[in-house]
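Worksheet for the structure shown next.
Values reported hereafter were calculated over all heavy atoms of this structure, with side chains retained and with hydrogens, waters and symmetry mates removed. For ligands, and for the atoms within them, numbers begin at 1 and follow the listed sequence. All values derive from a computational prediction rather than experimental measurement.
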Amino acid sequence: MSSELLTKARAYEAQHGDAIPAAERPAYHLTPYIGWMNDPNGFSLYKGKYHLFYQYFPYKTIWGPMHWGHAVSTDLLHWDYLPAALAPDAEYDKNGCFSGSAVEMNDGRQLLLYTGVRCEKQKDGGLRDVQTQCVAAGDGLDYEKYPCNPVLNEADLPAGFSRIDFRDPKLWMEPDGSYSAVAVSRTGDGSGAVLLFHSADGFDWHFVTVLDRCNNEYGKMWECPDFFELDGKQVLMLSVQEMQARGEMHGGFNALYLVGSYDPATHTFIREDVQMVDCGIDFYASQTLLSADGRRIMTAWMQTWADTEDKPKDCKLFGQTICPRELRLKDGKLIQTPIRELDALHGERVLHENVTIQQETALAGIGGRVADLTVWIQPGQEPYHSFTLKLAADETYCTTLTYTPYSSQLTLDRSRAGSRADIVHTRSCTVRRQDGALKLRILLDRNSVEVFVNDGEQTMTAWIYTPQSADGITFAADGTVQVTAVQYALNL
Ligand code: FRU
């Protein structure tokens with residue numbers, strides 16, 4: 001049903017979205033149709049197509065009253081925009097339709113479960129946003145909010161949990177056709193927890209258990225949970241606020257995955273390990289789906305809240321998702337690789353085999369800002385301490401990947417990518433020691449770089465708002481390095 005607010009958003013899209021030339025968008029990463037995007041929502045399959053909704057404020061490139069934007073795809077790389085799906089037009093969500101998820105129901109409808117935010121007067125006279133969970137069902141284009149919303153509110157929370165922070169339901173269908181969902185809330189100690197809920201029909205929901213809690217150990221509030229089986233283990237994926245750096249895990253906003261075991265009979269999750277999902281700068285609010293051929297595929301917001309102010313002046317779009325990644329678990333660690341659909345777009349191949357690199361060198365045909373490049377680095381005759389790959393480079397700009405084999409550090413540095421802001425521009429991670437050898441697959445897409453280290457053992461993701469004219473790629477080492485580089489043009 002189209003409310004006034006939804007009609008207005010759709011009319012605004014119809015009027016303005018087409019004004020953005022394709023060349024001003026990334027070529028294979030999803031951006032909002034117009035305006036602002038944060039978290040991907042409702043990442044799911046419906047009637048044979050992938051649907052991706054997103055936290056959306058069409059009118060400006062800043063966060064505002066949250067709508068849900070909507071796009072569909074058959075390969076997760078080419079997206080067709082559909083009109084905005086939800087607007088904050090009901091009493092219980094008039095301060096925002098926050099993040100949530102989607103699933104195909106057995107009766108053919110698509111079910112959306114999302115957080116409704118409304119501002120409520122408190123006993124002390126102050127105003128606070130209160131969060132509840134709401135559903136809407138539709139046909140893949142138009143959605144009807146359920147008349148009995150909200151379907152989960154403070155009465156469903158265990159004692160001591162916060163109704164002010166109660167959000168981001170991720171739902172899935174159980175083998176018996178019923179539904180489960182995880183959502184987050186804040187506990188009495190001020191930090192987050194993940195709660196499990198169940199529904200026989202998708203509309204009538206009840207609390208089941210607390211699956212895990214932060215106990216102020218990994219950040220404060222947790223957001224955007226996802227819970228799925230992967231290669232025989234159970235994974236609880238989270239985005240965390242106010243993380244205190246620990247080991248290699250950086251502080252601030254971070255995305256973590258908890259690996260453990262799960263007993264569905266008792267709904268008990270036993271956490272065995274906690275790791276960071278992405279070692280780069282811009283990765284938050286991930287969400288996964290299970291493809292028809294059984295792949296666990298993840299998307300995420302290629303951004304964190306810490307650096308949203310740094311955007312090109314007068315941009316008409318802000319925010320993008322990562323290139324979807326296939327997930328596997330190997331020796332308890334997440335392996336992430338670009339979805340194989342990207343390989344199907346491979347066009348002309350440029351190959352340089354076993355080139356000796358010392359001084360800064362460009363290799364013919366390796367460059368550009370839309371690329372799928374793989375680089376193998378092997379030690380050469382002269383020992384080397386540092387190898388640097390410059391991307392999106394010209395005389396003024398560059399984003400670098402530097403590998404120091406003796407400390408096994410890989411550093412991503414976008415401080416010369418064109419930003420004028422004093423924000424995080426550099427991150428490092430320890431990669432597997434392999435006697436100076438390293439494999440990097442690098443996806444470039446106009447204003448982003450995603451690095452997959454050693455076939456996905458680690459990833460480093462960052463946006464780079466570098467002028468498109470800076471399109472050079474060079475290689476340099478302070479000893480000698482043998483480089484093999486393969487770059488595929490992408491038929492987009
Ligand atoms: C995460 C988040 C979610 C919330 C949404 C609001 O980025 O804060 O917890 O639902 O963004 O836009």
Side-chain angles (χ1 to χ4, degrees), residues 9 32 35-43 52-70 84-88 92-102 112-119 128-136 150 152 161-171 181-186 191-195 214 218-227 236-243 252-256 277-278 281-288 298-309 318-322 461 463:
W36 162 280
M37 149 197 283
N38 55 290
D39 313 355
N41 294 156
F43 186 42
L52 186 48
F53 304 81
Y54 50 89
Q55 289 287 278
Y56 183 37
F57 187 55
Y59 307 110
K60 287 192 172 142
T61 51
I62 53 172
W63 190 83
M66 281 291 107
H67 296 56
W68 274 34
H70 192 185
L86 298 178
Y92 48 83
D93 67 16
K94 69 173 183 228
N95 292 84
C97 299
F98 274 20
S99 282
S101 48
L112 312 183
L113 178 62
Y114 70 98
T115 300
V117 183
R118 70 168 203 283
C119 195
R128 284 308 300 258
D129 279 352
V130 172
Q131 305 184 333
T132 59
Q133 313 320 314
C134 308
V135 295
L152 286 167
F161 281 69
S162 166
R163 67 206 184 104
I164 288 165
D165 286 300
F166 175 29
R167 59 181 176 272
D168 304 344
K170 170 73 200 294
L171 91 161
V182 283
V184 287
S185 174
R186 201 189 283 271
S191 69
V194 178
L195 288 74
C214 174
Y218 291 94
K220 296 289 280 184
M221 185 55 192
W222 284 352
E223 302 188 298
C224 304
D226 201 347
F227 192 55
L236 181 55
M237 209 173 250
L238 296 163
S239 292
V240 313
Q241 296 179 339
E242 297 178 70
M243 176 88 180
F253 293 97
N254 207 331
L256 305 178
V277 182
D278 188 276
I281 307 170
D282 294 296
F283 185 99
Y284 201 70
S286 55
Q287 200 169 83
T288 70
M298 174 178 73
T299 186
W301 187 32
M302 198 196 286
Q303 188 73 46
T304 77
W305 289 103
D307 56 9
T308 53
E309 290 310 308
F318 180 74
Q320 60 187 315
T321 54
I322 60 164
T461 304
W463 52 252

Quick one, Thr299 and Ile322 - any side-chain contact, counting heavy atoms below 4.5 Å? yes
(message) Any heavy-atom pair between the side chains of Leu256 and Trp222 that's under 4.5 Å?
(response) no
Is it true that Lys170 and Asp168 have a side-chain N and a carboxylate O under 4.0 angstrom from each other? no
By side chain to side chain donor-acceptor pair (under 3.5 Å), Gln241 pairs with (sequence neighbours left out) Glu223
| field | Step-by-step side chain to side chain donor-acceptor pair (under 3.5 Å) determination, Gln303 to Asn38 | value | CA-CA 8 Å; Gln303 188 73 46; Asn38 55 290; over 6 Å; no
Per the under 4.0 Å non-hydrogen criterion, ligand 1 touches Asn38, Asp39, Gln55, Trp63, Met66, Phe98, Ser99, Arg167, Asp168, Glu223, Cys224, Tyr284, Trp305
Q) So do Ser101 and Phe43 actually touch side chain to side chain, heavy atoms under 4.5 Å? A) no
